[in-house]
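Here's the structure, in structure tokens; my notes come after.
The sequence lines fix the lettering, A, B, ..., with proteins before strands; numbering per chain opens at 1. Predicted, not measured: the structure shown is a model, and the values here were computed from it. No hydrogens, no waters, no symmetry mates; every other heavy atom, side chains included, goes into these values.
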Amino acid sequence: MVEFKHKTPMIDELETGPWTSFVTDIKREHESRMENPKGIDFQTPQKCCDDLLGVLELSYKHGRTHWKHGGIVGVFGYGGGVIGRYCDQPEMFPAVAHFHTLRINQPMGHFYDTKFLESLMELWERRGSGLTNMHGSTGDIIFIGCTTVQLEEIFYEMTHNLNQDLGGSGSNLRTPSDCMGESMCEFACYDTQEICYQLTMEYQDELHRPAFPYKFKFKFDGCPNCCVASIARSDISFIGTWRDDIRIDQEAVKAYVGGEIKPNAGAHASRDWGAFDIQKEVIGLCPTQCMSWDGNKLEINTPECTRCMHCINVMPRALRHGLDTGASLLFGAKAPILDGAQMATLGVPFIKIESPYDEIKEKVIEPIWDWWMEEGKNRERLGELIKRQGMQKLLEVTGFKAIPQMIQEPRSNPYVFWREDEVPGGFKRDINEFRKYHQR
Amino acid sequence: MAFISSGYDPAKPMKDRITDIGPRYYEEFYPPIIKKNKGKWLYHEILEPGIIERVAESGDKLYVIRVGGCRLMSISHIREIMEIADKYCDGYVRWTTRNNVEFMVPDSKDKAMALKDDLLSRKQPGGCYKFPIGGTGASISNIVHTQGWIHCHTPATDASGTVKATLDVLFDQWENMKLPAKLRVSMACCLNMCGAVHCSDIAILGYHRKPPMIDAEYIDKMCEIPLAVAACPTGAIKPAKYELPDGTKVNSVSVNEPRCMFCGNCYTMCPSMPLADTEGDGIVLMAGGKISNRIDAPKFSKVVVAFIPNEQPRWPTMTTTIKRMVDTYSADANKYERLGQWAERIGWEKFFEKCELEFTHHLIDDFRDPAYYTWRQTSNFKFT
């Protein structure tokens with residue numbers, strides 16, 4: 001029977017109920033480390049999981065955290081990938097006195113084989129706490145808790161033996177992430193995994209060596225359902241879309257109408273919503289009213305469609321996105337700090353997503369970075385710079401022509417900052433010539 | 001515990017150094033059925049909550065079982081996942097963007113159903129499921145969250161604990177698909193929102209309500225004062241001289257308290273400015289956000305409860321309030337309608353009435369320009 005040093009009555013109450021208990025899981029790891037059947041020479045204190053439970057219990061008692069921010073720790077030559085963390089009660093909890101985090105660049109789509117996973121687990125059991133986040137909010141594999149001296153050792157083993165690198169943190173390109181995309185999803189309009197990987201590799205320097213005013217995120221959503229939330233949280237949001245007709249299988253539409261196929265891929269199956277009503281559930285909910293159904297044939301007026309995905313989500317066996325696919329690029333999303341949250345703004349309505357992605361790199365990403373690095377203030381996200389200097393500036397930088405698709409509505413004030421070169425004759429005029437016709 | 005070198009030589013850090021190699025190439029980890037059918041999937045169908053059948057143009061079928069995972073996961077637990085993946089999935093497994101684990105069984109529905117039984121039979125000693133199945137379709141998927149008290153320096157509440165307590169209360173909605181549409185709950189333990197919860201159907205947010213204290217005797221020794229000043233997003237911190245009780249004059253800072261928005265960025269730069277407080281800290285609830293473009297544009301979540309005290313270990317006021325919102329929405333909304341779309345259709349005044357939530361002045365936006373656009377500029381409203 002493995003012993004626990006700390007009594008943890010409050011967090012023990014989180015060991016019941018149906019949902020998986022993280023408390024039980026941390027205890028399990030402590031037991032595994034103490035029993036240590038493989039005889040591992042643990043390089044981070046063996047009892048760290050026990051002390052971590054003790055720290056957490058103390059926080060539950062006090063209603064306050066017991067972690068300090070970590071100052072500067074990292075691996076040589078990188079400015080990110082490691083987050084320092086120290087406990088503010090090191091005497092009570094010596095095994096977690098230093099308990100730093102590593103961000104490991106996840107494989108795209110979060111796919112693994114067990115061989116690779118075991119190599120990560122073996123390394124982290126031996127050199128770290130044995131606790132992870134699968135995954136952090138940005139998408140990285142997170143290794144939670146090791147001592148300072150282990151950081152370089154882990155990095156060395158990871159790069160030499162696992163062919164695997166760290167992710168980003170700090171004022172740099174954060175680890176790009178993607179939805180499952182074409183790997184398993186029929187809605188995907190481009191290969192999210194491939195572009196995510198290729199841009200991650202292209203911009204390794206920007207990812208590891210902070211040179212930006214603040215963080216910068218790319219996220220890749222294969223379709224407008226936005227499962228990876230790119231539109232809400234990335235500086236450049238890639239959202240798959242298409243330009244041609246939605247492909248319709250009229251027989252399958254009839255099968256939905258006839259009740260042979262469950263609507264919305266069976267998503268509402270646990271409740272009786274009554275018989276499927278195509279008029280009410282599809283035609284009536286279409287935001288542009290571009291669809292019609294005469295009892296025999298479904299028609300879609302493509303020029304009116306905004307590709308919101310509702311009809312495709314409801315009848316995935318009858319409707320498929322078009323074949324002329326690409327992505328819409330939206331810019332400047334961020335969480336509320338500081339000037340309030342920003343949703344990403346449409347700056348490139350449509351662009352083809354094709355390897356080697358030269359147009360995206362040369363016309364979009366790099367000019368935007370040049371502008372932001374020149375003009376952005378410390379801790380100013382791209383979205384805030386766009387707000388401060390205007391969307392016109394974004395278009396000037398990328399060279400995309402202003403088109404009405406980019407806005408919700410035109411401006412309701414006429415305060416246009418005309419540029420001198422836009423007004424015939426320019427701004428330089430002769431006051432004396434003017435006075436010949438207009439007395440003082 | 002004896003130190004064992006990896007081969008790294010601290011005296012020569014550049015020796016044999018490998019950098020900038022990025023992640024492993026994802027294709028190494030695709031199961032063969034995915035490598036073969038990538039980009040050629042025809043449709044999917046949720047056979048029952050948590051189990052998805054994916055059909056390719058080739059006729060190949062893939063059965064995916066989605067199980068909830070704690071984002072905080074031990075390697076013992078991950079090794080159990082690996083053992084299951086080896087037994088049923090040819091050694092492949094994936095995670096979703098919401099911390100769920102997906103087991104992918106090629107071809108055999110029978111094998112997938114055997115896997116389902118196996119997964120549900122595995123329980124933790126306290127009776128919790130190790131691998132709860134669900135989170136598909138019109139359900140509540142896993143709650144994405146941040147670190148909280150387990151590993152962060154600025155949280156105003158715990159993350160893993162609030163999420164466990166909430167998912168226990170909402171479990172019926174996880175393992176069933178009874179809601180009008182999907183409902184996404186997210187959790188961030190301070191307003192910096194590492195979790196970007198600001199576009200969720202329901203967001204649980206930790207919030208501080210007291211400005212930082214200043215450890216005047218130590219601040220100049222422990223911190224770069226200009227960095228602490230610069231860290232403040234609202235410009236509330238200024239350098240200041242301070243006289244200690246023994247008459248010593250020290251360099252310190254002053255905080256313009258009404259300007260403090262309680263973000264903790266100063267504490268990040270300077271440990272002499274802690275702001276955590278037992279009574280000050282607690283929970284904000286937000287509602288009505290979404291990220292999908294389906295039917296209408298993505299929306300931000302709105303603050304609907306300005307403050308709930310921390311009631312660890314199970315936060316009953318918070319979970320009861322969330323449950324009431326979910327149940328009210330579930331009973332009242334139309335099929336396909338997300339929580340925010342429902343609230344906009346009935347009007348927010350009705351939302352507060354139906355969900356039995358008290359409206360207070362804290363819920364009226366007063367933060368900079370965007371605030372004006374959230375006030376009502378029409379005489380059209382509903383009496384409640």
Side-chain angles (χ1 to χ4, degrees), chain A residues 10 13-19 21-22 24-25 28-29 32 59-60 63-65 67 69 76 105 107-108 110-114 121 130 133-134 137 152-153 156-157 159 165 182-183 186 193 201 204 224-226 228-229 232-233 265-268 270-271 273 309-310 316-317 335 338 340-341, chain B residues 6 8 13 18 20-24 26 29 34 38-39 41 43 45-46 70-77 82 85 91 94-95 97 124 126 128 137-138 149 153 155 160 164 167-168 171 176-178 193-196 198-199 233 268 271 276 278 291-295 298 310 312-313 335 370:
Chain A
M10 289 186 85
E13 289 195 37
L14 294 168
E15 290 196 278
T16 56
W19 192 256
S21 170
F22 69 100
T24 306
D25 192 35
R28 179 185 188 180
E29 196 57 31
S32 165
S59 280
Y60 271 59
R64 302 186 300 269
T65 192
W67 296 99
H69 197 263
F76 189 81
N105 199 142
M108 304 348 343
H110 291 139
F111 283 93
Y112 296 91
D113 66 18
T114 50
M121 298 304 109
N133 285 155
M134 295 294 278
S137 304
E152 287 287 0
E153 307 297 326
Y156 190 94
E157 285 197 29
T159 50
D165 208 335
E182 292 182 340
S183 70
E186 68 274 20
Q193 260 113 75
M201 297 310 286
Q204 280 289 296
N225 283 328
C226 281
V228 83
R233 57 188 189 137
H268 295 81
S270 312
R271 173 160 157 188
W273 289 93
M309 293 299 292
H310 175 67
R317 289 175 72 164
L338 172 66
Chain B
S6 60
Y8 171 72
I18 298 174
D20 300 273
I21 56 173
R24 291 275 286 267
Y26 59 88
F29 309 127
I34 285 180
K38 182 176 177 179
W41 294 99
Y43 67 88
E45 189 176 330
I46 305 166
C70 293
R71 155 175 145 143
L72 176 65
M73 201 174 260
S74 75
I75 63 176
S76 299
H77 190 78
M82 288 155 53
R94 75 175 291 267
W95 271 256
T97 53
Q124 294 177 314
C128 311
W149 287 334
H153 65 292
S160 299
K164 161 73 175 154
L167 278 166
D168 278 344
F171 194 74
N176 284 293
M177 305 186 292
K178 296 189 285 194
M193 292 195 195
C194 299
H198 57 291
C199 297
T268 297
T278 308
I291 48 169
S292 163
N293 291 275
R294 185 175 183 170
I295 300 179
N310 275 324
Q312 59 275 17
K335 191 178 178 187

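At least one side-chain heavy atom of A:Arg317 sits less than 4.5 Å from a side-chain heavy atom of B:Glu45. Put simply, the side chain of A:Asp165 does not reach to within 4.5 Å of the side chain of B:Pro23, judged on heavy atoms. Between A:Ser137 and B:Arg71, some side-chain heavy-atom pair lies under the 4.5 Å cut-off.
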Handout entry: Steps toward side-chain contact (heavy atoms from CB on, under 4.5 Å) verdict (B:Asn176, A:Arg271)
Key = CA-CA 9 Å; B:Asn176 284 293; A:Arg271 173 160 157 188; over 6 Å; no
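Residues satisfying the ring pair (Phe, Tyr, Trp, His ring centres under 6.0 Å) criterion with A:Tyr60, sequence neighbours excluded, are B:Trp149, B:Trp315. Shown here are the side-chain contact (heavy atoms from CB on, under 4.5 Å) partners of B:Ile18, two or more places apart in sequence or in another chain: A:Thr159, A:His160, B:Ile21.
Within the model, atoms CD of A:Glu13 and CD of B:Gln312 stand 11.0 Å from one another, a figure rounded to the nearest 0.5 Å. Rounding to the nearest 0.5 angstrom, the gap separating the NE2 atom in B:His77 from the OG1 atom in A:Thr24 is 11.0 Å.
Contact count against chain B (heavy-atom pairs under 4.5 Å) is highest for A:Gly63 among A:Gly266, A:Gly63, A:Cys226. Considering only heavy-atom pairs separated by less than 4.5 Å from chain B, the leading option among A:Met201, A:Glu15, A:Glu157, A:Met134 is A:Met134. Interface summary for chain B: among A:Arg233, A:Met309, A:Met10, the most heavy-atom pairs under 4.5 angstrom belong to A:Met10. Residue with the most contacts toward chain B among A:Ala232, A:Pro107, A:Gly17, A:Ala229: A:Gly17 (heavy-atom pairs, distance under 4.5 Å). Of the listed residues A:Ser32, A:Ala341, A:Pro316, the one with more heavy-atom pairs under 4.5 angstrom with chain B than any other is A:Ala341. Here A:Ala265 is the residue among A:Ala335, A:Gly340, A:Ala265 with the most heavy-atom pairs under 4.5 Å with chain B.
Looking at B:Pro298, both its backbone and its side chain come within 4.5 Å of chain A, counting heavy atoms on both sides.
The main-chain N or O of B:Lys38 is never found under 3.5 Å from a side-chain atom of A:Glu182 such that the two would form a donor-acceptor pair. Between the side chain of B:Asn293 and the main chain of A:Pro224, a donor-acceptor pair closer than 3.5 Å is present. Between the A:Glu152 side chain and the B:Tyr8 main chain, no donor and acceptor come within less than 3.5 Å of each other. In this structure, B:Asp168 contributes its side chain and A:Trp19 its backbone to a donor-acceptor pair below 3.5 Å.
In summary, the side chains of A:His110 and B:Arg94 do not present any donor paired with an acceptor at a separation below 3.5 Å, with no hydrogens or angles considered.
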